[in-house]
> 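Quick one: the structure is below, questions incoming.
This structure is a prediction, so every number in the text was calculated from the model and none was measured. Each chain gets a letter, A, B and so on, in the order the sequences are listed, and its residues count up from 1. No hydrogens, no waters, no symmetry mates; every other heavy atom, side chains included, goes into these values.
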Protein chains: 2
Amino acid sequence: MTLAEKAYVSLRKDIVDGCFAPDSPLRLAELSERYRMGFSPLREALNRLQAERLVTAESLRGFRVSARSLAEFEDALHARLLVETEALRLSIAQGDDAWEASIVAALYALRRQTGRESSDVDELKTRHHAFHRALLAACGSDWLMNFFERLYAATERYRIPALLDAGPQKRDIDAEHGDIADAVLARDTTRAERLLRDHYLQTAAMIRSGMVESDAPLI
Amino acid sequence: MTLAEKAYVSLRKDIVDGCFAPDSPLRLAELSERYRMGFSPLREALNRLQAERLVTAESLRGFRVSARSLAEFEDALHARLLVETEALRLSIAQGDDAWEASIVAALYALRRQTGRESSDVDELKTRHHAFHRALLAACGSDWLMNFFERLYAATERYRIPALLDAGPQKRDIDAEHGDIADAVLARDTTRAERLLRDHYLQTAAMIRSGMVESDAPLI
DNA sequence: AATTCCAATATTTTCGAAAATCTTTATTGC
DNA sequence: GCAATAAAGATTTTCGAAAATATTGGAATT
């Protein structure tokens, strides 16, 4: 992996995780210090992230972390429902045995991690992402999958702080995931779409209620 | 505008216009010669275009123009219908007088240009794009508009060669645009969606039938 | 003849410094 | 005191060269 790719991966993770305060400037000198590399690979990574809307840029004034707002979250959520509903429909229509198996595997792995005491948050997030991707993976559309990844990252910036805030959950998220997987494996498109939609709306409600206006960095 | 921004705009235009053969390598030395600038701004632009899927990159082997294929076109078209149908619905539901006026203005400007003998293709493309954007502009969703722009560029790479190939058109495209605008201004969501969908499917049929397998540069 | 190895060349990637621009601070004039 | 101006400092942007890696072509080997 080149330095520019490492910079992209690290920056993306740190922005989604909230290590930088939303709307705060991303100064090259600081990033160069933090990630131990020169300006060139950092600028290349920042340009990619700008295209992905995780970072904003202004001529001769450098880059900033994209601001967070309730409006932007609602917008991303709405777009996500549109994209994922369609991708799920296609996936259910076209998925084969290997696709079904990958869903079972992703769900199993996710549950193993939610069950653990010593919760490695990073690993949990990875598996959560993998499960939701597995559901859509058979849709056969690179564009929809690309939009899914964009929107997942965009909304993850809101979900993580809410998750840490929330403390003990009323929801049984394992059960929600299980129900979605069941409906998908049963090829029940209508029910799968409804459950996925409800799953996101629940998360959204949690985020809305607990949304901190503070843009302080989380980590 | 910084050099990196100029590089982005120029490269994007030249790729969409087909000045570079699809799948051909974008060598820095050549680009540096062509656009009269150093490697740094070019690499930044290429990284942005990579995120937009107009360019592909491979570690230590540089950048290429994204390949074209019928499958990718069909995928982009499908995603476009999904996104634009939803954006149009929202736009019709929320648009105000200024939005209506901007549609009338965009349609007028587009027709002026299609009517001209000395057809400045660039200007025509700009106004065509502006009209289709105007229809959706009141949807209130930055994400959907962002996806619209991405997909517009992606499909434009297929439309332009087909347009040049096609010669005299059987379709009355001015009339199609007029009908869409009428339905939208009448707030007839169902009819507007159907007309927009048909408009794209007609264009798609034209592209499919005439799609040249050759990846030669167009200009 | 085909394969492997090595050198030569081409290309990408990265750095460090220079240039350009923005921001802050100090200074001047009113 | 306050606005306008200029100098100083901070930051981004760009370049040119160096480093790292890939590719090509040819010689040596099987």
> Over all strands shown, is Leu28(B) touching base, sugar-phosphate only, or nothing at heavy-atom distances under 4.0 angstrom?
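Counting heavy atoms under 4.0 Å across all strands, the contact made by Leu28(B) includes a base.
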> Between dT14(D), dT13(C), dC15(C), spot the one nearest the side chain of Arg43(B), thanks.
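Nearest to the side chain of Arg43(B) among the choices is dT13(C).
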> With a cut-off of less than 4.0 Å, is there a side-chain N or O of Arg61(A) near OP1 or OP2 of dT21(C)?
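Negative; the distance criterion is not met.
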> To the nearest Å, how far apart are Glu44(A) CD and dT12(C) P?
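Whole-Å distance recorded here is 12 Å.
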> Distance check needed: dT13(D) C1' versus Gln50(A) CD, whole Å only.
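Rounded to the whole Å, the gap is 14 Å.
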> Nearest whole Å is fine: how far is dT12(D) C1' from Phe39(A) CZ?
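Interatomic distance, CZ of Phe39(A) to C1' of dT12(D): 8 Å.
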> Any idea which of dT13(C), dT14(C), dC15(C) is nearest the Phe63(B) side chain?
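The closest nucleotide is dT13(C).
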> Side chains of Arg80(A) and Trp143(B): does their closest heavy-atom pair fall under 4.5 Å?
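Arg80(A) does not reach Trp143(B) side chain to side chain.
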> dG16(C) P sits how many Å from Leu3(A) CG, rounded?
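Atom-to-atom, Leu3(A) to dG16(C), this comes out as 12 Å.
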> For Leu42(B) and dT12(C), what is the distance between atoms CG and P respectively, to the nearest whole Å?
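One finds 11 Å between P of dT12(C) and CG of Leu42(B), rounded.
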> Apply the test salt bridge (charged side-chain N to carboxylate O under 4.0 Å, His left out) to residues Arg68(B) and Asp23(B): give CA-CA distance (whole Å), side-chain angles for both, the deciding distance (0.1 Å), then the verdict.
CA-CA 8 Å; Arg68(B) 274 193 309 220; Asp23(B) 206 43; over 6 Å; no
> Whole Å only: how far is the CZ atom of Arg64(A) from the C1' atom of dT11(D)?
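Roughly 13 Å, once rounded to whole Å.
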> Give the rounded distance in Å between these two atoms: CD of Glu33(B) and P of dG16(D).
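Between P of dG16(D) and CD of Glu33(B): 13 Å.
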> Nearest whole angstrom, please: distance from the C1' of dT9(C) to the CZ of Arg27(B).
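Arg27(B) atom CZ is separated from dT9(C) atom C1' by 13 Å.
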> For residues Trp99(A) and Gln94(A), is any side-chain donor paired with an opposing acceptor at under 3.5 Å?
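Short answer, no.
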> Would you say the side chains of Thr56(A) and Gln50(A) form a donor-acceptor pair under 3.5 Å?
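Per modelled atom types, Thr56(A) and Gln50(A) side chains form no pair under 3.5 Å.
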> Give Glu58(B) one of three labels, base, sugar-phosphate or nothing, depending on what nucleic acid heavy atoms sit under 4.0 Å from its own.
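The answer is sugar-phosphate, as Glu58(B) gets under 4.0 Å only of primed atoms, P, OP1 or OP2.
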> With sugar-phosphate meaning primed atoms plus P, OP1 and OP2, does Thr2(B) contact a base, only sugar-phosphate, or nothing at under 4.0 Å between heavy atoms?
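Sugar-phosphate, backbone atoms only, no base.
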> Check the angle between the aromatic planes of His199(A) and His128(A) and answer parallel, tilted or perpendicular using the 30° and 60° thresholds.
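Taking His128(A) first and then His199(A), their aromatic rings sit tilted (interplane angle of 30° to 60°).
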> Which nucleotide in the list dC22(C), dT14(C), dT14(D) gets nearest to the side chain of Leu60(A)?
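Output: dC22(C).
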> Between Pro41(A) and Glu30(B), who's closer to the 5' end of DNA chain C by nearest nucleotide?
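Mapping each residue to its closest nucleotide by heavy atoms, the 5'-most match is Glu30(B).
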